Amino acid sequence: MSSSPLSACSTHAEATPASPALLAIDTSTERLAVAAQAHGRQLGLQEPGGPLASARLLPAVQSLLAQLGSRVSAMQAIAFGHGPGAFTGLRTACAVAQGLALGAGCPVLPIDSLALVADDARAQTQGRHDTVHVAMDARMNEIYAGAYRWTGERWQVLQAPALWPLVALAAHWQAEAPACVAGSALDAFGDQLPTGNAERVPAEQDRAAALLRLARQAWQAGEAIDPALALPLYLRDKVAQTTAEREAAKAATS
């Protein structure tokens with residue numbers, strides 16, 4: 001995928017003139033996604049994120065808003081993927097959303113990053129499944145997993161995002177097989193994560209479009225909060241061991 005915000009941009013369905021002016025950002029995965037709507041139009045872009053996200057996010061926002069003929073100060077709310085996801089990516093999106101919102105004098109909309117995957121999967125499968133289970137690779141043989149049901153207007157959380165050991169989630173799904181599973185864990189773990197006859201959606205098609213759809217739903221549901229209250233959703237409190245802890249673990253297994 002090109003890293004150019006211009007060539008990576010996609011125009012989604014037209015917003016109505018009465019639609020709120022929204023900016024939405026997400027850096028919780030290896031893909032950076034930005035979307036916005038203003039003046040009855042909406043645009044989104046996706047490009048490689050990961051370690052590039054902190055340097056690319058603000059230029060991507062500026063480019064997208066310029067194409068819409070708008071600016072941050074005109075936004076009524078700024079949505080951000082608050083997690084779960086990559087530790088640094090969550091901090092980046094939260095900090096940028098807070099800074100932009102404080103400058104614009106508008107609230108923020110925290111968005112469930114796993115719900116983004118469910119929404120994209122439902123779009124890819126053309127609405128065949130109202131319930132989508134999400135499994136994202138969390139590294140270290142662990143998975144961020146959640147389950148969501150489409151109610152016709154918005155997503156209902158059936159199983160809140162949680163950090164699962166691979167073997168535990170595999171056993172859970174063997175006992176209660178899902179109908180549709182989406183997320184990066186499908187490719188990351190392969191046969192180690194059996195899904196039975198479930199329809200599998202391992203890769204997202206348009207994360208930016210899903211991000212904007214969820215931002216609109218959050219706005220309509222009155223979920224905007226003060227920027228000062230914005231926090232990333234960390235499901236793994238500790239992602240690294242100290243040297244002493246590594247030595248202790250090594251000694252315990254020797």
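As a basis for the values below, the full set of heavy atoms in this structure was taken, side chains included, without hydrogen atoms, waters or symmetry mates. Quick caveat, the model's predicted, so the values are computed rather than measured.
Annotation: R154, atom CZ; neighbour count of heavy atoms from other residues, nucleotides and ligands within 6.0 Å is above 12.
No donor-acceptor contact under 3.5 angstrom links the side chains of Y144 and D137, judged on distance only. Side-chain polar atoms of R207 and S28 form a donor-acceptor pair below 3.5 angstrom. Under the 3.5 Å distance criterion, with hydrogens and angles disregarded, a donor-acceptor pair is assigned to the side chains of R71 and S73. Defined by atom type and a distance below 3.5 Å, a donor-acceptor pair is present between the side-chain atoms of R216 and Q42. Inspection of the T195 and R200 side chains reveals an N or O donor paired with an N or O acceptor under 3.5 Å.
Annotation: side chain of I225 is not in contact with side chain of P107 (no heavy-atom distance under 4.5 Å). With contacts defined as side-chain heavy-atom distances shorter than 4.5 Å, the pair N141/V167 does not qualify. Looking only at side-chain heavy atoms (C-beta outward), Q159 and H172 come within less than 4.5 Å of each other. Y148 places a side-chain heavy atom less than 4.5 Å from the side chain of D112. Looking only at side-chain heavy atoms (C-beta outward), W173 and H133 come within less than 4.5 Å of each other.
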Any chance you could lay out the side-chain contact (heavy atoms from CB on, under 4.5 Å) test for S113 and D26, step after step, and finish with the verdict?
-> CA-CA 8 Å; S113 299; D26 178 76; 3.6 Å; yes
D130/R122 under side-chain contact (heavy atoms from CB on, under 4.5 Å): CA gap, chis, key distance, verdict | CA-CA 7 Å; D130 287 335; R122 187 170 187 275; 3.5 Å; yes
Decide yes or no on side-chain contact (heavy atoms from CB on, under 4.5 Å) for I78 and C106, but give the supporting numbers first.
-> CA-CA 7 Å; I78 296 176; C106 70; 4.0 Å; yes
Criterion side-chain contact (heavy atoms from CB on, under 4.5 Å) on W155 and V132, from CA distance to verdict | CA-CA 10 Å; W155 289 97; V132 179; 4.1 Å; yes
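The pair R31-E47 does not count as a salt bridge, with every side-chain nitrogen at least 4.0 angstrom from each carboxylate oxygen. The pair D119-R213 meets the salt-bridge criterion, since a charged nitrogen lies less than 4.0 angstrom from a carboxylate oxygen.
Here the side chain of D120 pairs a donor or acceptor atom with the backbone of Q205 at under 3.5 angstrom.
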